[in-house]
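One structure is given here, and the rest of the page talks about it.
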Number of protein chains: 2
Amino acid sequence: MKDNMTGDELLKVLEALSNPYRLQIISILYQERQYVSQLARHLGISRPLLYLHLQKLEEANLLIGHHEISKNGKAMKFFELNSFEIKLTEQIIAQLSSSLTKKRKGD
Amino acid sequence: MKDNMTGDELLKVLEALSNPYRLQIISILYQERQYVSQLARHLGISRPLLYLHLQKLEEANLLIGHHEISKNGKAMKFFELNSFEIKLTEQIIAQLSSSLTKKRKGD
DNA sequence: TTCATATGTAATAATTTTATTACACGTGTA
DNA sequence: TACACGTGTAATAAAATTATTACATATGAA
């Protein structure tokens with residue numbers, strides 16, 4: 001993960017990570033890439049809900065999905081993790097928060 | 001910040017940090033401690049709303065508040081930052097997610 | 001006494017996030 | 001053809017988070 005992030009990007013990542021299912025998704029995909037239905041069964045949630053969570057993680061650039069055609073001709077959507085390393089300290093947050101554009105009175 | 005966190009504790013911190021006002025609060029308190037009304041003016045938000053945000057940050061152990069009596073006799077509640085350093089990688093999340101107790105079907 | 005400035009919280013409203021239900025479509029196999 | 005198993009999404013409901021309004025209390029200074 002890039003080291004010079006904006007405040008908005010950091011916030012997006014933090015939002016993406018602030019949900020137990022999404023942490024679990026990362027944990028599962030850390031072990032092996034999976035396709036959507038498989039992952040939904042694994043987590044015990046519906047596909048529509050899983051899509052929502054995957055979308056947030058993907059938008060934060062924490063994972064990436066792509067289609068593949070299986071041997072038996074089925075279209076499968078696989079997701080896999082992007083590698084990342086983010087350090088959170090009060091100082092880093094103080095620096096990045098100057099580039100936050102969201103939800104401020106004056107905007 | 002302690003280095004051996006549980007999944008639930010990590011999640012609490014991530015939830016606390018996933019809001020632009022709360023990142024701003026950290027940024028302001030990184031520069032100097034402030035009392036509640038002062039901080040509210042600084043952010044341009046109401047005290048009740050600020051209390052809500054402060055509470056989430058305090059529950060995640062990112063800051064701490066205490067009362068002081070000013071020279072002119074007013075009771076002031078000051079908040080100051082706790083120092084923290086949290087590293088987020090896919091591996092760390094994978095490890096901690098096993099100790100997540102929230103929102104899982106079987107609970 | 002009245003004003004300005006603190007703290008604190010209860011009740012409610014608005015908004016966003018999370019979750020469910022019900023579809024549509026496609027392919028290989030029995 | 002019917003079934004099992006994939007993808008994808010629209011519409012809606014439920015729940016949680018965020019925000020506002022309206023109070024109550026206290027102190028010092030004008």
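All values below come from the heavy atoms of this structure, side chains included, with hydrogens, waters and symmetry mates left out. Worth saying up front: this structure is predicted, and the values here are computed from it rather than measured.
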Which residue is it: B:I86, B:L57, B:L88? I am looking for the one with a side-chain contact (heavy atoms from CB on, under 4.5 Å) to B:V13. B:I86
What's the verdict on side chain to side chain contact (heavy atoms under 4.5 Å, CB included) for A:N61 and A:N82, showing C-alpha distance, side-chain angles and the deciding distance? CA-CA 7 Å; A:N61 239 284; A:N82 286 330; 3.8 Å; yes
Side chain of [X] (C-beta onward), nearest among [options]:
X: A:S37; options: D:dT7, C:dT9, D:dT20; answer: D:dT7
X: A:M76; options: C:dA19, D:dA19, D:dG6; answer: D:dG6
X: A:R47; options: D:dT7, C:dA22, D:dA19; answer: D:dT7

I want to confirm an ordering. Mapping B:P48 and A:L49 to their closest nucleotides on DNA chain C, which one lands closer to the 5' end? B:P48
Please answer whether the main-chain N or O of [Y] pairs with a side-chain N or O of [X] as donor and acceptor at a distance below 3.5 Å.
X: A:S97; Y: B:Q24; answer: no
X: B:E90; Y: A:F84; answer: yes
X: A:E58; Y: A:G65; answer: yes

Other than A:L52, which residues form its hydrophobic cluster under the rule that side-chain heavy atoms must be closer than 4.5 Å? none
To the nearest Å, give me how far apart [atom1] ([X]) and [atom2] ([N]) are.
X: A:L39; N: D:dT7; atom1: CG; atom2: C1'; value: 14 Å
X: B:Y51; N: C:dA10; atom1: OH; atom2: C1'; value: 14 Å
X: B:L50; N: C:dG8; atom1: CG; atom2: C1'; value: 12 Å
X: A:H53; N: D:dT9; atom1: NE2; atom2: P; value: 17 Å
X: B:K77; N: D:dT27; atom1: NZ; atom2: C1'; value: 19 Å
X: B:Q38; N: C:dT7; atom1: CD; atom2: C1'; value: 14 Å
X: B:I45; N: D:dT20; atom1: CD1; atom2: P; value: 9 Å
X: B:L52; N: C:dA14; atom1: CG; atom2: P; value: 18 Å

With a 3.5 Å cut-off and no angle check, do the side chains of B:T6 and B:D8 form a donor-acceptor pair? no
Might you work through the side chain to side chain contact (heavy atoms under 4.5 Å, CB included) test for A:K87 and A:T89, ending with a clear yes or no? CA-CA 7 Å; A:K87 194 171 156 194; A:T89 68; 4.1 Å; yes
Between A:L50 and A:L43, the two heavy atoms sitting closest are CD1-CD1, 3.8 Å
Taking both distances under 3.5 Å as the test for a Watson-Crick or G-U pair, what stems of at least three pairs does DNA chain D have? C:1-30 with D:1-30
Residue-level proximity of residues 27-35 of chain A to DNA chain C when a heavy atom falls under 4.0 Å: none
May I ask whether B:M76 and B:L81 are part of the same hydrophobic cluster, defined by side-chain heavy atoms of I, L, V, M, F, W, Y residues being less than 4.5 angstrom apart, directly or through others? no
Under the ring-ring contact (aromatic ring centres under 6.0 Å, His included) definition, can you give me all pairs with a residue in residues 29-63 of chain B, not counting sequence neighbours? B:Y21-B:H53, B:Y35-B:F78
Contact list please: residues 66-74 of chain A against DNA chain D, heavy atoms, distance less than 4.0 Å, in numerical order. A:H67, A:K74
Qualifying residues under salt bridge (charged side-chain N to carboxylate O under 4.0 Å, His left out), relative to A:E32, sequence neighbours excluded: none
